[in-house]
Amino acid sequence: MSETERGGVPELVSEAAESDAADALRGLRERFVLDEVVYLDGNSLGALPAEVPARVEDVVRRQWGELRIRSWEESGWWTAPERIGDRIAPLVGAARGQIVVGDSTSVNVFKALVAAVRMAGEGRDEILVDATTFPTDGYIAESAARMTGRALRPVAPADVPDAVGDRTAAVLLNHVDYRTGRLHDLPALTAAVHAAGAYAVWDLCHSAGALPVGLDEHGVDLAVGCTYKYLNGGPGAPAYLYVRAELQDRFDSPLPGWNSHAEPFGMRAGYEPVAGARRGRVGTPDILSMLALEAALEVWDGVSVEAVRAKSLAMTDFFLRCVGAYVPQGRVVSLTPAAHAERGSQVALRCDDAGDVMKRLIERGVVGDFRHPDVLRFGFTPLYVGFADVERAARVLGEVVR
Ligand SMILES: *Cc1c(COP(=O)(O)O)cnc(C)c1O
């Protein structure tokens, strides 16, 4: 028995081994730079894909160092935002030509929400925002509402169908709650927003790369997401903006930079927006981060999001069972919904002294994170986490809280 299996419940240890042996995604772990640590923080910063360092080296030394300005054309720098957007598109259920990569999620929330309010027109004087949103979306929504002269109303996602009405211009929602891991019903909520004649803006930070999103299928209007969580793009990697094809002509960006001009090198005084997804661009793209992201996305070649979702649910189920077996009754309480249809790819456990518990977990080689005031958060990234990791994490948690 190896060190990591010592003290485990034999049935759980062998179940983990069987699940790992049967896991069709198991080979992908080798495509990441990882060590003995059980890394359950990929919902905050995805692990480093092995192909990234050499690509970044090439981008810096050859593309920048040798080709210099020629790389805008010859190395495809200028078109990287759309090209990489098309690479992300299948992961979120979008056809090509609707996603551009660039700027942060926060900035893209601003673009998307203001553009949605402008599409809705003058008669609609309120914006609904997810009352449980990741804070930055809420701050940006407050400012967007002030700038556009709309009232901002926080609403729990489940209450959106009752709250949305003919005064509503746009609704900004998180697909998965960053704290609890609750998955909101994107198809039903989008349909409710549309039934009221309003626009739906979704933040996919905690769902893209973890579960099927179906942007086109469900008629989402605008969406944003980051690339450094489940997409493993690296710290501060650029985010993306999705604008549904039929709305692109009406996308009136509040940040109309020269990169979204119809003729960027015409250097004209007046702004005239380009057609298509490029309308979401602003200024010069962050090439080093963007091309690191492009290399990181190669691990997704041939990987189905459905398979990722199936493994994610199996892992979160198994983790909850292992926690039940290893952690004294009542010491932690799961905030993550039991129903698969309501669960993202993380488990959040409420726990007294969560900050201290997480510190000791990390010392013992199990990395999750702590969210104020009393939440232990464990993210399960199916590309590189296995069932033995899941069992070990729950076992070490049990030891730490005793
Ligand atoms: C991670 C996250 C963000 C992060 O925004 P940045 O601009 O990249 O800092 C925003 N919204 C949600 C829902 C997130 O989970």
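First listed ligand is number 1; within each ligand, the first listed atom is number 1. Counting begins at 1 with the first residue of the sequence.
Residue Asp203 holds the heavy atom nearest to atom 13 (C) of ligand 1 of all those in Asp103, Leu173, Asp203.
For ligand 1 and Asp137, the ligand atoms under 4.0 Å from any heavy atom of the residue are 10 (C), 11 (N), 12 (C). The contact set between ligand 1 and His206, taken as ligand atoms under 4.0 Å from a residue heavy atom, comprises 15 (O). Counting the atoms of ligand 1 from 1 in the order shown, those under 4.0 Å from a heavy atom of Ser104 are 7 (O).
A donor and an acceptor atom, one from each side chain of Asn108 and Tyr242, are nowhere located under 3.5 Å apart.
Remark: ligand 1 and Tyr178 share no N or O pair separated by less than 3.5 Å (distance only, no angle test). Here's the thing with Tyr228: one of its N/O atoms is less than 3.5 angstrom from an N/O atom of ligand 1.
Under the 30°/60° scheme for interplanar angles, the aromatic rings of Phe319 and Phe378 are found to be tilted. Using bins of under 30°, 30° to 60° and over 60° for the plane-to-plane angle, the ring pair Phe265/Trp258 lands in the perpendicular bin.
Shown here is Arg96, whose CZ atom has no more than 12 heavy atoms of other residues, nucleotides or ligands within 6.0 Å.
Distance from atom 14 (C) of ligand 1 to its nearest protein heavy atom, with residue and atom name: Lys229 NZ, 2.9 Å. Shortest contact from atom 5 (O) of ligand 1 to any protein heavy atom: Thr105 CB, 3.5 Å. For atom 7 (O) of ligand 1, the closest heavy atom belonging to the protein is Ser106 OG, 2.6 Å.
Looking at Asn174 against ligand 1, only its side chain comes within 4.0 Å, counting heavy atoms. With a 4.0 Å cut-off on non-hydrogen atoms, Thr133 does not touch ligand 1 at all.
Arg55 has no carboxylate O lying under 4.0 Å from a charged side-chain N of Glu51, or vice versa, which leaves the two without a salt bridge. Ion pairing between a basic and an acidic side chain is recognised when a charged N comes within 4.0 Å of a carboxylate O; Glu294 and Arg83 show such pairing. The existence of a salt bridge linking Arg29 and Asp23 is excluded, since no basic side-chain nitrogen approaches an acidic carboxylate oxygen closer than 4.0 Å. Ionic pairing of Arg321 and Asp317 is not present here: no N-O contact between side-chain nitrogen and carboxylate oxygen is shorter than 4.0 angstrom.
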